[in-house]
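Some notes on the structure that comes next.
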Amino acid sequence: MNRRQFIALSGAAFGCSLAGGLGMAAVQRPKRAHLRLQIAGYRLRNGITPNLVSLSPDGPPPVLVAEQGKSAVFTVENGLDEYTSMHWHGIRLPNAMDGVPYLTQLPIAGGEVFEYQFTPPDAGTYWYHPHCMTMTQMARGLTGVLIVKETTDPGFDADQAINLRDFRLDKNDRLRTSFSPRKAARSGTLGNVITANWATNPVYDHPAGGLTRLRLVNTDTTRIYRLYLAGGASEIVAWDGHPVETGLPVPSQDTPLLLGPGQRVDIALVMPSAEGQVVTLNAMLAGQPRPMATLRAVGSNLARSLADLQPLAPNPVKRPVLSEAQTHEFVFGWSPDGTAPNNGFCGSLGSNFWSINRVAWSGDAASSTGPLATLDLGKSYIFRFRNESPNLHPIHLHGLTFIPLRSNKRKLARNWTDTALLLKDEVMDVALVADNPGDWAFHCHVIEHQKTGLAGVIRVT
């Protein structure tokens, strides 16, 4: 097998935005998108930060927009001098298009092109990021929002994506080392410049009294955000891409919403009725509120209300039959050894600190690594996630969607997801149908944890 054998050719259509802003007003709809990874410079704080990675030389990665049930084609050209691949986080797609090096494709070398083609079955909010050189390229900015539009317009007046992530900069606004081994063995390495769409508290204008769909996406390598809105009536309408089935409380300063790396939430927001009034997205940082982004009302009052919205149509996810479900247990904890993983051309952090079922991931390019579990196609399963560490872990499963059932620490909302945030010492049961064949990556989305052992594969045959 060689790298060229993985390139699939097709002329199917989809929509995408290649504009610099992340507001939905700038969406363009070419038949296909050519996405070129390249070095970028951008003013994240005071001066221009060089050596970022984006899809343009002077701006953040764009919002990409596909349509539910219609074929999407993303041609990824690697303009870097290191290897890469692209993963479409949360999308239930064919295994060969999942973007995991050595598992579903070979890494994309500098100057090479790989064409990703898939038809998203589910509408909602997703995102994209590299799965080769994952830590360094994500820390340098290569994370973007991917929206799959519903077949029926839900009736919003505006749509706003917010890409939440931080950067580690020195006093001269240059990138610092993205991680440290000491912090990788604990909760991970936080950045010191916290941004929304690569900006500090950006302001977005939306119709006064209108209904805005606010899509919050945590694309950070480490940080868990505690979020709430100040101003305007709001309601959570989707979680990790899927319409909520169990209602979630509106977050507040006293009870903020926890959003771990990889997770997304869609909020229906009624903008203030008078022009110039604002709604603020806040994050609780070190116990204090900090504005992340501001939405400002403009124009005459549209006088909309949450009651005007039609419920989002459910996505076609198969429901597990719990009475027939077999249980598999996965223990997440520290690694019993410190051997270095074999990640081939995709970047190793040099050590293994973490494990699943007390076995550290051998690395992306390791040939002897078997699946953690083998599932029969079409059957129902319960996964028991057991966190035996004091650190929080957002556990992400590629290619499949699951629903939380119960926890020993809290009451869980039964909403479809692909990324479950495990609390300290939490034991969580989730259920799924193994309806997508292939070898699927299964890992913590604190990237330092993933790249130092807390990863594995689930096989569906």
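All heavy atoms count here, side chains included; hydrogens, waters and symmetry mates do not.
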Spell out, as yes or no, whether a donor-acceptor pair under 3.5 Å connects the side chain of [X] to the backbone of [Y].
{"X": "Lys451", "Y": "Gly347", "value": "yes"}
{"X": "Gln137", "Y": "Tyr83", "value": "yes"}
{"X": "Asn415", "Y": "Glu245", "value": "yes"}
{"X": "Arg264", "Y": "Asp240", "value": "yes"}
{"X": "Ser355", "Y": "Trp334", "value": "yes"}
{"X": "Asn201", "Y": "Arg290", "value": "no"}
{"X": "Gln38", "Y": "Arg36", "value": "yes"}
{"X": "Asn387", "Y": "Leu423", "value": "yes"}
{"X": "Asn315", "Y": "Ala123", "value": "yes"}

After noting the C-alpha distance and the side-chain angles of Trp416 and Phe402, does the key distance pass the ring-ring contact (aromatic ring centres under 6.0 Å, His included) rule? CA-CA 6 Å; Trp416 294 108; Phe402 55 86; 8.8 Å; no
Partners of Phe118 by ring-ring contact (aromatic ring centres under 6.0 Å, His included), sequence neighbours excluded?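 Scan of Phe118 (ring-ring contact (aromatic ring centres under 6.0 Å, His included), adjacent residues dropped) gives Phe74, Trp88.
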Which residues pass the ring-ring contact (aromatic ring centres under 6.0 Å, His included) test with Tyr126, sequence neighbours left out?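 Scan of Tyr126 (ring-ring contact (aromatic ring centres under 6.0 Å, His included), adjacent residues dropped) gives none.
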Sort and list the pairs that fulfil side chain to side chain donor-acceptor pair (under 3.5 Å) and have at least one residue in residues 180-192, not counting sequence neighbours.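 For residues 180-192: Thr189-Glu448.
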Please collect all side chain to side chain donor-acceptor pair (under 3.5 Å) contacts where either partner lies in residues 45-56, sequence neighbours excluded, each pair once.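 Qualifying pairs, neighbours excluded: Arg45-Asp173, Asn51-Arg140.
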Under the 6.0 Å and 45° cation-pi test, does Arg226 pair with Tyr228?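 No, Arg226 does not sit over the ring of Tyr228.
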Sequence neighbours left out, what passes salt bridge (charged side-chain N to carboxylate O under 4.0 Å, His left out) with Arg174? Give chain and number order.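 Salt bridge (charged side-chain N to carboxylate O under 4.0 Å, His left out) check on Arg174 returns nothing, list empty.
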Can you say whether the rings of [X] and [Y] are parallel (under 30°), tilted (30 to 60°) or perpendicular (over 60°)?
{"X": "His129", "Y": "Trp127", "value": "tilted"}
{"X": "His328", "Y": "Tyr381", "value": "tilted"}
{"X": "Trp354", "Y": "His449", "value": "tilted"}

Are side-chain N/O atoms of His89 and His445 paired as donor and acceptor at under 3.5 Å?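 Yes.
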What residues, two or more places apart in sequence or in another chain, satisfy side chain to side chain contact (heavy atoms under 4.5 Å, CB included) together with Ala365?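 Once residues adjacent in sequence are excluded, the partners of Ala365 under the side chain to side chain contact (heavy atoms under 4.5 Å, CB included) criterion are Tyr102, Asn342.
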Output, in order, the C-alpha distance, side-chain angles, deciding distance and verdict of side chain to side chain donor-acceptor pair (under 3.5 Å) for Asp439 and Thr104. CA-CA 8 Å; Asp439 284 355; Thr104 70; over 6 Å; no
Between Asp429 and Arg386, does any side-chain N to carboxylate O distance fall below 4.0 Å?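 The answer is no: the pair does not qualify as a salt bridge.
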Check Arg43 with Asp58, please: is the shortest side-chain N to carboxylate O separation under 4.0 Å?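 Salt bridge absent between Asp58 and Arg43.
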Is there a side chain to side chain donor-acceptor pair (under 3.5 Å) between Thr125 and Arg215 once you walk through the steps? CA-CA 7 Å; Thr125 304; Arg215 303 175 188 261; 2.8 Å; yes
Please report the C-alpha distance between Glu115 and Thr75 in whole Å, then the side-chain angles of each, then the deciding distance to 0.1 Å, and finally whether the side chain to side chain donor-acceptor pair (under 3.5 Å) criterion is met. CA-CA 4 Å; Glu115 193 161 84; Thr75 303; 2.8 Å; yes
Suppose we call two aromatic rings close when their centres sit under 6.0 Å apart. Are His398 and His131 close by that rule?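 Yes, they do, as the ring centres are separated by less than 6.0 Å.
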What is the minimum heavy-atom distance between Ala283 and Met292, and which atoms define it?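 Closest heavy-atom pair between Ala283 and Met292: CB-CG, 3.7 Å.
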